[in-house]
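Here's the structure, in structure tokens; my notes come after.
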Amino acid sequence: MYVTRRAFVGLGAAAGVTVLGGRSATWFTGAPLAGRAQSAGNEARLTSVDGRLDVELVASEQWIALAGAPARLWSFNGQVPGPLLEVAAGDDVRIRLSNDLSESTNLHFHGLHVPPDGTADNIFLAVPPGEALAYVFRIPENHPAGLFWLHPHLHGSVARQVSLGLAAPLVIRGALDAIPEVAAAREHILVLQDFALDRLGRPVDPGMSALMAGREGSLVTVSGQARPRYAVEQDGLLRLRLLNASVSRFYRLSLEDHPLHIIATDGGSLAAPQRVEELLLAPGERRDVLVQGVRAGGSYRLMNLPYPRGSAGMMGGALGTRTPFEIATVVYEGRAGSPVGVPHTLGEMERLPPGPLRRTFVLSEAMGMVPGRGMGMRFLINGREFDHARIDDRVRLGDVEDWEYVNTTDMDHPMHVHTNAFQRVGADGQAQPAWLDGVVVPARGRARIRIRFTDFAGTAVQHCHILDHEDLGMMSTVKIEP
Ligand code: C2O
Ligand code: CU
Ligand code: CU
């Protein structure tokens, strides 16, 4: 049996909350949360059974308990973030999106290698208020295991709808999960979101200059909680699966006194764990890390460190995080029955073969009309704003291409490509062995990627994942031709 409508309505109701009382001003930097370490975030998970996931997601507006206080948000099934969808390669997926909002919305399956058309990952569909649409596709048999996610993708409304809470993680289980050390680790999915709310928990309009910079909310949540705690056993492993579901906020993450061992990037497993002291997670991106319980005990803060993501030019000062703050805590609890180390290898990793530079994408900005707000900044790829009716680039199924992004602006643009993952090309011209679907193109800088188009023809898109920039034009179409 797969999960029925009644089952997940039940889950939604269980998570529905009415919380009264004032919003504390201290959730950000105040006293640590009381209680023992908990498994943070959403308990609701919708898992495929017998190769099939058949679920309904209801998009609606309601009061939700966010970080311990009520917030008027938009949600899937009454939860922010939405329920975890859990599938395996080869599964048949049917997700019925039921729109109880007062405006149109739709779904995108960020990072999934499925068709960009029909009723699969087709962002050109729209679901009007009061209507429903079933997204139906099969996860390919050879799809890498990993963390992916769902969010609305209706051009012009994406940033606002995501900023109000519409996002849900999706996990594909597979070979990586079966590695004994990884399987032994305690796993948590950390959905990083930020919200701009007033004292009553109502969303605040960001205003024009925040749209140009990309809106950031001052309330940062991890799977709906403020500064959650995660338990690690001494000599044990903790697996933190990080997803940046924020509209514009970059996270530069570091765990006090513990290295992070990256085992997977956006598009799946690395060949071997990569040990780092910190990592940058741009909007849309995912990293899967192991933390080893190498200390004798205590609690350690997962910090968000300063990261300048550019400047808003004449409009204002530096963008991005300036003061470090804690987003979660790792707490020692108990001792592993038998010590578990970080695995030495994780699997095969292909490096895409070198090829000629096929396309250059120049990222720029220009003054123009911002709907409902007057004159403001528009964001362009190769001098043009997004037009869903125009084909910007034609590529051939089976080809490998190098793309170069050239950023002529004063802010970083984290570019994201649908349908096919890619690898970053280093200064030596070689592809770096990690599957990505996002790459940060630094302010006044460049980035080069290598991408292979496989399995699916159709019209995909690429865009800046500062979703305000995408809504303000920084998106283009890529037609994959058979
Ligand atoms: Cu998460 Cu087209 O984006
Ligand atoms: Cu995407
Ligand atoms: Cu951008």
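As the structure lists them, so they are numbered: ligands from 1, and atoms in each ligand from 1.
- Closest N/O/S atom of His469 to the Cu ion (ligand 3): ND1.
- Side chains of His413 and His469: a donor on one and an acceptor on the other come within 3.5 Å.
- In this model, a donor atom of one side chain and an acceptor atom of the other lie less than 3.5 Å apart for His418 and His153.
- Within the structure, ring pair (Phe, Tyr, Trp, His ring centres under 6.0 Å) pairs that include any residue of residues 346-365 comprise Phe361-Trp403, Phe361-Tyr405 (at least two apart or interchain).
- If you look at His413 and ask which of its N, O or S atoms sits nearest the Cu ion (ligand 3), the answer is ND1.
- Around atom CZ of Arg396, no more than 12 heavy atoms belonging to other residues, nucleotides or ligands sit under 6.0 Å away.
- No more than 12 heavy atoms of other residues, nucleotides or ligands sit less than 6.0 Å from atom CZ of Arg446.
- Of the N and O atoms on the side chains of Ser48 and Glu86, not one donor lies less than 3.5 Å from an acceptor on the other residue.
- Nearest heavy atoms, Ala431 versus Arg450: N-NH1, 3.5 Å.
- Of all N, O or S atoms in His151, the one lying closest to atom 1 (Cu) of ligand 1 is NE2.
- Legend: protein N/O/S atoms lying under 2.8 Å from the Cu ion (ligand 2), waters omitted, number 2.
- With atom 1 (Cu) of ligand 1 as the vertex, NE2 of His465 and ND1 of His110 span 100° to the nearest 10°.
- Between the side chains of Gln274 and His261, no donor-acceptor pair of N or O atoms lies under 3.5 Å.
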